[in-house]
S.K.: 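Could you have a look at this structure, given as structure tokens, before my questions?
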Amino acid sequence: MRAFVLTAPGEASVQEVPAPVAVPGEVVVDVERVGVCGTDIEFFTGEMTYLHEGHSAYPMRLGHEWAGTVSAVGDGVDRSWLGRRVMGDTMLGDRTCRACRRGAQHVCAHRQEVGIRGGRPGALAEQLAVPAWSLHALPDAVDAVLGALVEPGGNALRAAQAAGVGPGDRALVLGPGTIGLLAAMFLRAAGAEVHVMGLGAESLAFARSLGFPHAWTEATLPDEPFDAVVDASNAVHLPALALDVVQPAGRVVYIGIAGEPSTIDTRTLLLKDVTAVGVLSASPALDDTIAAYAGGAVDPRPLVAATVGLDRVGAVLAGERIEGAGPGPKTHVDPRGA
Ligand SMILES: [Zn+2]
């Protein structure tokens, strides 16, 4: 089968590789859609922390936002998975350690991450093998495009839940990339008035086109009370700004990550009685995300700017503009397409 293989920073190709087999407890999925995300770009540039911590090494097979159909099951797997449309959890805990037993397998110290960590091949390929326990079935209303948006959506939904806002509340999202815009959509679905702060006129215009008229730059951000602030940016100074602009007794959520340490003043945190929450991974919110997409509470489809074949993934990771691409922040891959 064909797979996208990253062999060194900036060095990648589509290669013919052995098709995966369904070992006991696992399934093989025919991949239909894969999202390319910022983590993939960091592996392409070589900046990703896991490379330097020894959790990941080239050659790598990327791809962790995916949807497809189960085409083979290994021993011990319920055969009713065959032919089911699914997406899967990126985080594969060892299911034996204390964190896993306490329901937090997404922070298992021994975890693999599909297409990211521990040598587990990712979904930028015609087929993918994953444990059956990591699968989430997709209802008919969630097609492959939406299915490949469940993983980023789960991250954003956890951020929105952590913000704890509802009707009558005002929330601010810093960084209108994929996660920021998805978080804005979930916050809006919860009933909050949502503001967005970004850098460029283009991304702010796109946010407005999604129905977020309160779209600001740092210079134009109004002096209004924000009950919650979600930092989904990669700017080193914005975690502190989030804390500065949130209302007393409000909540700040950190889901963005900068390339170097960000600092916040804990005196501000406690003197304002602020609750701060960090979010890693979508795992606990995957089913709620699928339900939100299926019921139409959130429609992330406009975020997809273009869909390309495996042969164009290298260009996407290198930041080349895809001809005819829309204004959204997300590129999708159809591994069986041209
Ligand atoms: Zn574990």
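Heavy atoms only: backbone and side chains are in, while hydrogens, waters and symmetry mates are out.
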S.K.: Closest heavy-atom contact between Tyr58 and Pro9?
M.R.: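 For Tyr58 versus Pro9, the nearest heavy atoms are CE1-CD, 3.5 Å.
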
S.K.: How about Val130 and Val86: do any of their side-chain heavy atoms sit closer than 4.5 Å?
M.R.: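 Not touching, per the 4.5 Å side-chain cut-off.
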
S.K.: Report whether Val5 and Met1 are members of the same hydrophobic cluster (ILVMFWY, side-chain heavy atoms less than 4.5 Å apart, transitive linking).
M.R.: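 Yes.
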
S.K.: Is there a path of hydrophobic side-chain contacts, each under 4.5 Å between heavy atoms of I/L/V/M/F/W/Y residues, joining Phe186 to Val279?
M.R.: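 Cluster IDs for Val279 and Phe186 match.
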
S.K.: Can you confirm whether Gln161 sits close enough to Asp288 that some side-chain heavy atom of one is under 4.5 Å from a side-chain heavy atom of the other?
M.R.: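 Yes; the side chains approach each other to less than 4.5 Å.
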
S.K.: How are the rings of His55 and Tyr50 set relative to one another: parallel (under 30°), tilted (30 to 60°) or perpendicular (over 60°)?
M.R.: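 Perpendicular: the ring planes of His55 and Tyr50 meet at over 60°.
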
S.K.: Arg251 and Ala163: which non-hydrogen atoms are nearest, and at how many Å?
M.R.: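 For Arg251 and Ala163, the tightest heavy-atom pair comes out as CD-O, 3.4 Å.
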
S.K.: So how far is it from Phe226 CZ to Met197 CE, rounded to the nearest 0.5 Å?
M.R.: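 One finds 9.5 Å between CZ of Phe226 and CE of Met197.
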
S.K.: Heavy atoms only: give me the nearest Pro329-Leu181 pair and the separation to one decimal.
M.R.: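 Shortest heavy-atom separation between Pro329 and Leu181 comes out as CG-CD1, 4.2 Å.
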
S.K.: Could you give the distance from CZ (Arg336) to CZ (Arg2), rounded to the nearest 0.5 Å?
M.R.: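 Spacing of CZ (Arg336) from CZ (Arg2) equals 10.5 Å.
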
S.K.: Taking side chain as C-beta onward, heavy atoms only, is Glu151 less than 4.5 Å from Trp66?
M.R.: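 The answer is no, as the side chains (C-beta and beyond) never meet within the 4.5 Å cut-off.
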
S.K.: Any donor-acceptor pair under 3.5 Å linking the side chain of Glu320 with the backbone of Ala315?
M.R.: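 It does not hold such a pair.
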
S.K.: Can you name the nearest heavy-atom pair linking Phe44 to Gly314, along with the distance?
M.R.: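 Reported closest heavy-atom pair: CZ-O, 4.0 Å.
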
S.K.: Does a side-chain N-to-carboxylate-O contact under 4.0 Å join Arg111 and Asp94?
M.R.: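 Salt bridge flag = no for Asp94 with Arg111.
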
S.K.: Verify whether one side chain among His136 and Asp89 offers a donor that lies under 3.5 Å from an acceptor in the other.
M.R.: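 Per modelled atom types, His136 and Asp89 side chains form no pair under 3.5 Å.
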
S.K.: Just one of Asp227, Val229, Asp169 clears the side-chain contact (heavy atoms from CB on, under 4.5 Å) bar with Gln247, so which one?
M.R.: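 So, applying the side-chain contact (heavy atoms from CB on, under 4.5 Å) to Gln247 and each of Asp227, Val229, Asp169, only Asp227 qualifies.
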
S.K.: List the steps and the verdict of side-chain hydrogen bond (donor to acceptor under 3.5 Å, both in side chains) for Asp30 and Ser71.
M.R.: CA-CA 6 Å; Asp30 293 348; Ser71 58; 2.9 Å; yes

S.K.: Look at atom CD1 of Ile264 and say whether more than 12 heavy atoms of other residues, nucleotides or ligands are closer to it than 6.0 Å.
M.R.: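 Count over threshold, so yes.
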
S.K.: So, Glu193 and Arg170, do they make that salt bridge, N to O below 4.0 Å?
M.R.: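 The answer is yes: the pair qualifies as a salt bridge.
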
S.K.: Can you confirm whether more than 12 heavy atoms, excluding those of Leu82, are under 6.0 Å from its CG atom?
M.R.: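 Correct, the count exceeds 12.
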
S.K.: Please confirm whether the backbone N or O of Pro20 pairs with a side-chain atom of Gln127, one donor and one acceptor, at under 3.5 Å?
M.R.: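 Checking the backbone N and O of Pro20 against the side chain of Gln127, no donor-acceptor pair under 3.5 Å is found.
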
S.K.: What's the shortest heavy-atom distance between Leu243 and Lys272, and which atoms?
M.R.: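 Taking every non-hydrogen atom into account, O-NZ, 2.8 Å.
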
S.K.: Would a hydrophobic clustering, with Ile, Leu, Val, Met, Phe, Trp and Tyr connected at side-chain separations under 4.5 Å, put Val313 with Val114?
M.R.: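 Yes; Val114 is reachable from Val313 via cluster members.
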
S.K.: What are the two closest non-hydrogen atoms of Pro302 and Leu210, and how far apart are they?
M.R.: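 Looking at all heavy atoms of both residues, the closest pair is CB-CD2, 3.7 Å.
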
S.K.: Quick one: CD on Glu26 to CG on Leu135, what's the gap to the nearest 0.5 Å?
M.R.: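 Reported to 0.5 Å precision, the distance equals 10.0 Å.
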
S.K.: Is it true that Arg301 and Asp143 make a salt bridge, defined as a side-chain N closer than 4.0 Å to a carboxylate O?
M.R.: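 Yes, Arg301 and Asp143 are salt-bridged.
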
S.K.: Would a 4.5 Å heavy-atom cut-off, applied to side chains only, mark Asp40 and His64 as touching?
M.R.: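 Answer yes - side chains close enough.
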
S.K.: Do the non-hydrogen side-chain atoms of Thr7 and Ser13 ever get within less than 4.5 Å of each other?
M.R.: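 Counting from C-beta outward, Thr7 and Ser13 never come under 4.5 Å.
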
S.K.: Can you hop from Val196 to Leu157 via hydrophobic side chains spaced under 4.5 Å?
M.R.: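 Yes.
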
S.K.: Determine yes or no for a side-chain-to-main-chain donor-acceptor pair under 3.5 angstrom, with Lys330 supplying the side chain and Val36 the backbone.
M.R.: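 Yes, Lys330 side chain to Val36 backbone: donor-acceptor pair under 3.5 Å.
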
S.K.: Nearest 0.5 angstrom please: Thr178 OG1 to Asn155 CG, how far?
M.R.: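 Rounded to the nearest 0.5 Å, the OG1-CG separation comes out at 11.0 Å.
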
S.K.: Within a reach of under 6.0 Å around CD of Glu16, are more than 12 heavy atoms found that belong to other residues, nucleotides or ligands?
M.R.: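 Counting neighbours around CD of Glu16, more than 12 heavy atoms of other residues, nucleotides or ligands fall under 6.0 Å, so yes.
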
S.K.: Answer yes if Leu124 and Val17 sit in the same cluster of Ile, Leu, Val, Met, Phe, Trp and Tyr residues linked by side chain heavy atoms under 4.5 Å apart, and no otherwise.
M.R.: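 Per the 4.5 Å side-chain linkage, Leu124 and Val17 are not co-clustered.
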
S.K.: If you count heavy atoms of other groups shown closer than 6.0 angstrom to CD of Glu202, is the number above 12?
M.R.: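 For Glu202, atom CD is not crowded (no more than 12 foreign heavy atoms under 6.0 Å).
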
S.K.: Can you find a heavy atom in the side chain of Ile41 that is under 4.5 Å from one in the side chain of Thr45?
M.R.: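 Contact flag for Ile41/Thr45 side chains = yes.
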
S.K.: Working to the nearest 0.5 Å, report the span between CD1 of Ile179 and OG of Ser233.
M.R.: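 Rounded to the nearest 0.5 Å, the CD1-OG separation comes to 12.5 Å.
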
S.K.: If you count the non-hydrogen atoms of other residues, nucleotides and ligands that lie under 6.0 Å from CG in Asp78, is the total more than 12?
M.R.: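 Above 12, so yes.
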
S.K.: May I ask you to test the Thr96-His110 pair for a side-chain heavy-atom distance under 4.5 Å?
M.R.: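 Not in contact.
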
S.K.: Between OG of Ser281 and CD1 of Ile255, what distance do you get to the nearest 0.5 Å?
M.R.: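 One finds 9.0 Å between OG of Ser281 and CD1 of Ile255.
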
S.K.: Does the side chain of Ser134 come within less than 4.5 Å of Met91's, by heavy atoms?
M.R.: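 No - every pair of side-chain heavy atoms lies 4.5 Å or more apart.
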
